[in-house]
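All values below come from the heavy atoms of this structure, side chains included, with hydrogens, waters and symmetry mates left out.
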Amino acid sequence: MMDLSRLWNANVPWLYHALTLSSVPFLLSGDDIRTFSVFYIILTISFDTEELLKALQHPSEPPLIPHPYLPFLGHVLGMFWHGARYWTIVNQRTQYPIFTLQTLNARTIGVISPQFAAPIQRASKSTSFYGMILEVTRRLVDFDEPSMKIIRWNLDNELGHHEGLMNEAHDSVTSVLSPGPMLNQMSTIQLEKFAELLNTIVCGSELLSMSLMDLVKRTFTTANAFTIYGPRNPFAVHPELVQKFWDYEAGMIAVMADIFPSITARKPWLARKAIIAALQEFIEKENYRSASPLIQQRVAITLKHGLTPEMAGRAELILLFGILGNAVPSTFWFLANVFSNAHLLEKIRKETRQAINGIGTNKVINVTRLKTACPLLVSTYRETLRLIGNLASVRLVTRTHNISAPGQPSYLLKKGSMVQIASGVIHTAESVWGPDAKTFNPTRFISSFTSSEQFSTEASASGSLEKTATQLPKSVPSAAYRAFGGGSVICPGRHFAQSEILGFVALCVNLFDISDQDGGTMHVPERDDSRIPLSVIKPVKEPHVLISRRKGEEKTVWRLEL
């Protein structure tokens with residue numbers, strides 16, 4: 001009786017269907033009745049099934065949102081067409097904190113409430129992070145099946161211990177990139193390389209015209225490859241790979257579709273082929289032995305578990321994307337936000353003087369000092385990441401279970417469902433961030449109290465009540481800031497990224513003047529949030545700018561130190 005009641009109350013025009021079918025004998029005859037009835041029933045079932053599924057689902061499940069006119073395929077096509085923006089489109093129509101979309105024969109659960117994001121992202125035996133991303137990874141770098149078998153082994157500690165390639169590789173990356181001597185050594189090398197490259201890009205009174213994004217791409221790719229993969233890295237041995245890497249990155253979605261990519265995505269496919277060949281050479285010639293501890297450990301782990309040098313090289317392509325794919329566009333937007341606002345630029349220049357040592361033609365910027373003494377710089381960094389961070393945090397539900405949040409009903413998550421925490425929606429929710437949630441506010445992360453554990457440990461120890469960068473604005477829950485993901489799989493490279501981006505931008509604002517092509521103030525470009533996101537938001541069009549040395553700094557040699 002319960003099920004019949006749910007069916008009757010479903011958003012299905014039962015009376016219309018009954019009247020239509022009952023009138024058919026009066027309008028048609030013989031075979032025409034049977035033909036019409038069969039087609040009508042098939043059509044009705046197709047378009048009403050999602051409404052029926054919604055009516056019949058468990059009352060505690062996140063509410064199912066039927067697509068208004070294209071069941072099963074509609075939401076899938078919407079995600080492909082609108083990218084990360086699709087979650088915002090659905091949310092505007094429903095306003096549920098958590099909801100379900102029928103995507104082909106599976107269910108995708110969208111989470112747009114930080115209160116529910118928190119319990120989902122915690123380490124849990126009921127959900128799996130790697131179970132969701134392995135197929136994407138396989139397609140991106142074209143792992144063969146024997147390698148995938150090695151990678152899948154004990155993926156979620158199902159054997160009761162922490163062995164296995166993925167577990168050991170994750171632990172290795174986390175240990176090297178956690179605050180400490182090894183991270184400091186890597187950051188020092190990288191910052192010195194940044195300064196070396198930026199000091200020579202524009203000399204004296206030269207005026208350089210180029211894409212601002214290309215400036216960041218070239219500098220970061222060269223410096224990060226040198227820092228992490230050593231002096232004999234593939235980009236140093238084969239300089240043409242710098243451009244090829246970004247050709248591949250631009251076409252990753254087409255490659256991932258895996259529909260004859262050598263034809264349908266030839267440029268990124270050829271670029272990937274060239275990079276993988278160079279990475280295989282890097283491993284076969286043991287050039288990794290002069291790389292950072294991070295790479296030495298990673299290669300040792302992948303080879304120990306049985307990956308061939310070629311497949312180990314493909315694994316490094318994933319890491320390359322990890323260290324460049326988000327850092328480069330994030331730095332681009334940081335620069336664009338600062339250089340497009342003359343008042344903000346001047347305030348940051350004034351503030352960063354506190355971290356500058358030296359006089360005359362030799363000056364040094366101390367990046368550790370930037371983190372503790374330059375709250376506006378740090379706040380602008382975090383606000384930039386908030387507005388461009390639209391990557392969804394994904395989990396696969398491996399065991400049916402309930403989740404709950406204070407003041408909210410409990411929801412049932414069924415095994416086999418895919419969960420996506422919609423960062424873009426959460427990052428711009430007025431209920432979380434206030435009425436200016438969708439606008440850029442460089443002071444949003446500034447507090448009069450030294451409460452930041454991530455950026456202001458030295459200031460906190462001093463007990464100072466001067467303005468400082470805070471981890472979160474007051475009353476914003478921790479799960480609402482998702483620039484680096486969250487929970488058990490929060491990005492292990494966030495500390496490295498913080499140092500590199502703050503150091504790079506601080507050097508640029510003190511070394512350069514950057515204007516638009518006509519010599520006026522540059523404008524922040526339009527954001528392209530319609531792409532399927534594999535990294536943070538990119539601009540619709542990458543702006544060309546004019547870059548020159550600041551007046552009075554034509555002969556200065558700058559350095560960055562940790």
- All pairs passing side-chain hydrogen bond (donor to acceptor under 3.5 Å, both in side chains) where residues 172-186 contributes a residue, at least two apart: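 Output for this query lists Ser172-Gln297.
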- Query: Any Lys/Arg nitrogen of Lys538 or Glu526 sitting under 4.0 Å from an Asp/Glu carboxylate oxygen of the other?
  - Reply: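 Salt bridge: no.
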Please give me the minimum heavy-atom distance between [X] and [Y], naming the atom from each residue.
X	Y	result
Ala480	Ile426	O-CG2, 3.5 Å
Thr227	Ser292	O-CB, 3.7 Å
Ile65	His75	O-NE2, 2.7 Å
Ala327	Glu500	CB-OE2, 3.5 Å
Arg399	Ser126	NH2-OG, 3.1 Å
Ala479	Ala117	CB-CB, 4.2 Å

Report yes or no: does [X] contribute a side-chain atom to a donor-acceptor pair with the main-chain N or O of [Y] at less than 3.5 Å?
X	Y	answer
Ser379	Phe445	yes
Asn167	Glu163	yes
Asn326	Val536	yes
Thr398	Ser128	no
Ser417	Lys414	yes
Arg494	Cys491	yes
Thr222	Arg218	yes
Arg138	Phe143	no
Asn154	Leu159	yes
His427	Asn390	no

So for atom [atom1], which belongs to [X], do other residues, nucleotides or ligands contribute more than 12 heavy atoms lying within a distance under 6.0 Å?
X	atom1	value
Leu104	CG	yes
Glu145	CD	yes
Lys438	NZ	yes

Straight-line distance of [X] [atom1] to [Y] [atom2], nearest 0.5 Å:
X	Y	atom1	atom2	value
Gln102	Thr100	CD	OG1	9.0 Å
Met252	Phe321	CE	CZ	4.0 Å
Leu413	His401	CG	NE2	4.5 Å
Leu376	Ile348	CG	CD1	4.5 Å
Leu377	Lys371	CG	NZ	11.5 Å
Arg444	Ile446	CZ	CD1	12.0 Å

- Item | NZ or CZ of Arg272 within 45° of Tyr248 ring axis and under 6.0 Å |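 Not flagged: Arg272 not positioned over aromatic ring of Tyr248.
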- Task: Cation-pi check, Arg382 to Tyr481: give yes when NZ or CZ is under 6.0 Å from the six-membered ring centre and within 45° of the ring axis, no otherwise.
- Result: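 Yes, Arg382 sits over the ring of Tyr481.
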For residues [X] and [Y], is any side-chain donor paired with an opposing acceptor at under 3.5 Å?
X	Y	result
Tyr229	Glu316	yes
Thr108	Thr103	yes
Asn337	Thr384	yes

- Task: Evaluate the side-chain hydrogen bond (donor to acceptor under 3.5 Å, both in side chains) criterion for residues Ser393 and Arg482: first the C-alpha distance (whole Å), next the side-chain angles of each, then the deciding distance (0.1 Å), finally the verdict.
- Result: CA-CA 8 Å; Ser393 299; Arg482 316 199 54 77; 3.1 Å; yes
Considering only heavy atoms from C-beta outward, does the side chain of [X] approach that of [Y] to under 4.5 Å?
X	Y	value
Phe99	Trp87	yes
Leu335	Cys508	yes
Ile112	Tyr96	no
Arg298	Leu294	yes
Asp258	Asp142	no
Ser330	Ile388	yes
Phe332	Pro539	yes
Val216	Phe334	no

- Message: Between Glu542 and Lys217, is the salt bridge (Lys or Arg N to Asp or Glu O under 4.0 Å) condition met? List the steps.
- Response: CA-CA 12 Å; Glu542 298 177 4; Lys217 284 179 179 178; 3.6 Å; yes
- Any idea how Phe504 and Phe194 line up, ring-wise: parallel (<30°), tilted (30 to 60°), or perpendicular (>60°)?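 Taking Phe194 first and then Phe504, their aromatic rings stand perpendicular (interplane angle over 60°).
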- Could you go step by step and tell me if Asn105 and Phe72 meet the side chain to side chain contact (heavy atoms under 4.5 Å, CB included) rule? CA-CA 7 Å; Asn105 63 339; Phe72 299 101; over 6 Å; no
- Query: Could you walk me through whether Thr219 and Thr331 pass the side chain to side chain contact (heavy atoms under 4.5 Å, CB included) check?
  - Reply: CA-CA 11 Å; Thr219 310; Thr331 305; over 6 Å; no
- Verdict with supporting geometry, Asn441 and Thr443, side-chain hydrogen bond (donor to acceptor under 3.5 Å, both in side chains): CA-CA 6 Å; Asn441 177 3; Thr443 63; 2.9 Å; yes
- Verdict with supporting geometry, Thr127 and Arg395, side-chain hydrogen bond (donor to acceptor under 3.5 Å, both in side chains): CA-CA 6 Å; Thr127 59; Arg395 299 292 190 276; 4.8 Å; no
- Take Trp246 and Thr221, measure what side-chain hydrogen bond (donor to acceptor under 3.5 Å, both in side chains) needs, and give me the verdict at the end. CA-CA 9 Å; Trp246 293 105; Thr221 307; 2.9 Å; yes
- Message: Run Asp528 and Lys541 through salt bridge (Lys or Arg N to Asp or Glu O under 4.0 Å) and show every step you take.
- Response: CA-CA 8 Å; Asp528 185 2; Lys541 183 179 180 181; over 6 Å; no
- Assert yes or no for the condition that the ring centre distance of Phe116 to Tyr411 is strictly below 6.0 Å.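 Yes, ring centres under 6.0 Å apart.
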- Step by step, work out the side chain to side chain contact (heavy atoms under 4.5 Å, CB included) result for Ile275 and Phe245. CA-CA 7 Å; Ile275 297 167; Phe245 174 83; 3.9 Å; yes
- Message: One pair to check against side chain to side chain contact (heavy atoms under 4.5 Å, CB included): Gln121 and Phe129. What are the steps and the verdict?
- Response: CA-CA 9 Å; Gln121 69 187 12; Phe129 169 72; over 6 Å; no
